[in-house]
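Computed from a predicted structure; not experimentally measured. Numbers restart at 1 for each chain; the letters A, B, ... are given by sequence-line order, proteins then strands. Just the heavy atoms: all of them, side chains too, but no hydrogens, waters or symmetry mates, feed the values below.
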Amino acid sequence: MDTVTLIAFTSIVAAPTCMVLGSIVPALGETKTITQALNSIAQQPDEAGTLGRTLFIGLAMLESIAIYCFVIAIILIFANPFWNHVIAVAPK
Amino acid sequence: MHLTPDHMVLWSYGFVHLNATIVYTWIVMALLTIFSLLVTRHLTAPDLPRSRWRNAAEAIVEAIRAQVSDVCGKGADVFLPFIGTLFLFIATANVLDIAPAWHAPTGSLSTTAALAISVGVAVPLFGVQRKGIAEYFKDYLKPTAVMLPLHLLSETSRNLALALRLFGNMMSEGMILAVLFSIAPLFFPILMQMLGLVTGMIQAYIFAILATVYIAAAVRRSEEES
């Protein structure tokens, strides 16, 4: 396998892998967060405002991990720097 | 397919390129400014009959103020203009996504980075304003001076996350819409657009509330000790 094929292959495999792992793990974490928050709201409905706000902040933090993975996957597919470099230096 | 509205050059003259991000940002700014000017034009008159536009503006401002003072406690009105502007700008840009030919300026990393940088500058400014320069920067050396790099790292990474979160969400929404238009153009894009409205409002809320939390953290440290 020459370098161009290797880089294309690695990029194609890496983008979905990044997306899969990066969506499963934050999803599990967010599930735990939401379950706990709903339990807390059910126990103390008076505190729903504070709990909801904290829930949103926590979800945003967790969500950003998935977003990082998504951005990396998008870069690998649409604006791959390694691929551009290889294309630039490849013999015509 | 355009990844971000940065790449869509609408008008260019010589070396000046006017891309879609700038133009749509101007449109959002113009809309917000004209709306507030029209609503608050006669607001100084004492016995003004309540109009529905004035009620709408008051409801929006009161809602934002309630959220901000929930997080910051008393003395939160100082932060209200900054956070309210952030929220209104992002919310308007995202909600206008349902307008035809609209490309949300928040889907460009330049816009979100600018917003995140302004938050990153505002946090120390508000902290210094409440506490004074020496006292504020002493917080970076707590509990020991060894923690200084970690404090700096956390401030940098949270601002980076602020920019990337908004950008990633808005860009992914545009990407999904573009993909759906190419494979199922009849019905599904509408559903995704409705979902996009919810996402856009939630992202605006999250951006504003995170900015509030960061400012509140910078200010609260100073109040607990005094």
Side-chain angles (χ1 to χ4, degrees), chain A residues 11-12 14-27 29-34 36-38 40-41 44-85 87, chain B residues 1-4 6-7 63-64 66-73 83 87 90 106-109 112-113 116 119 154 157-176 178-179 198-217:
Chain A
S11 305
I12 293 171
T17 313
C18 176
M19 206 57 242
V20 165
L21 288 178
S23 51
I24 290 176
V25 178
E30 291 189 9
T31 318
K32 272 190 176 175
T33 317
I34 296 172
Q36 197 60 47
L38 283 180
S40 312
I41 291 177
Q44 291 181 306
D46 293 343
E47 295 297 314
T50 316
L51 286 170
R53 192 173 55 246
T54 322
L55 170 69
F56 266 115
I57 296 170
L59 282 186
M61 298 289 182
L62 290 170
E63 180 83 11
S64 59
I65 300 170
I67 295 290
Y68 292 154
C69 291
F70 173 73
V71 169
I72 289 175
I74 287 294
I75 287 174
L76 278 179
I77 294 174
F78 289 104
N80 194 335
F82 312 113
W83 180 251
N84 292 343
H85 175 72
I87 288 296
Chain B
M1 185 152 51
H2 293 290
L3 212 55
T4 73
D6 279 358
H7 297 145
I64 299 174
Q67 287 290 331
V68 173
S69 60
D70 265 3
V71 179
C72 290
I83 291 161
F87 175 76
I90 300 172
T106 42
S108 139
L109 193 56
T112 58
V119 172
S154 92
S157 71
R158 79 185 186 193
N159 283 321
L160 190 72
L162 209 56
L164 269 184
R165 182 179 304 120
L166 185 57
F167 164 68
N169 272 292
M170 298 320 290
M171 182 199 56
S172 65
E173 192 193 315
M175 295 280 296
I176 290 169
V179 170
V198 180
T199 323
M201 283 309 288
I202 289 179
Q203 286 308 315
Y205 173 74
I206 283 176
F207 195 99
I209 210 78
L210 279 179
T212 321
V213 168
Y214 296 157
I215 292 175

Considering only heavy atoms, which portion of [X] lies under 4.5 Å from any heavy atom of chain A: side chain, backbone, both, or neither?
X        : value
B/Ile206 : side chain
B/Tyr205 : side chain
B/Leu162 : neither

task: With a 4.5 angstrom heavy-atom cut-off, could you sort out which part of A/Phe56 is near chain B: side chain, backbone, both or neither?
output: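 Both the backbone and the side chain of A/Phe56 come within 4.5 Å of chain B.
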State the [atom1]-[atom2] distance between [X] and [Y], to the nearest 0.5 angstrom.
X        : Y       : atom1 : atom2 : value
B/Met171 : A/Ile74 : CE    : CD1   : 5.0 Å
B/Asp70  : A/Arg53 : CG    : CZ    : 5.0 Å
B/Leu164 : A/Phe70 : CG    : CZ    : 12.0 Å
B/Gln203 : A/Glu63 : CD    : CD    : 7.0 Å

Heavy-atom closest contact (A/Tyr68 atom, B/Ala161 atom, distance):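 A/Tyr68 and B/Ala161 have their closest heavy atoms at OH-CB, 3.0 Å.
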message: Quick one: does any side-chain atom of B/Arg165 pair with a main-chain N or O of A/Ala60 as donor and acceptor, under 3.5 Å?
response: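 Yes; judged by distance alone, with no hydrogens or angles, the pair exists.
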query: Do A/Ile67 and B/Asn169 come close enough that some side-chain heavy atom pair is under 4.5 Å?
result: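 A/Ile67 vs B/Asn169: side chains touch.
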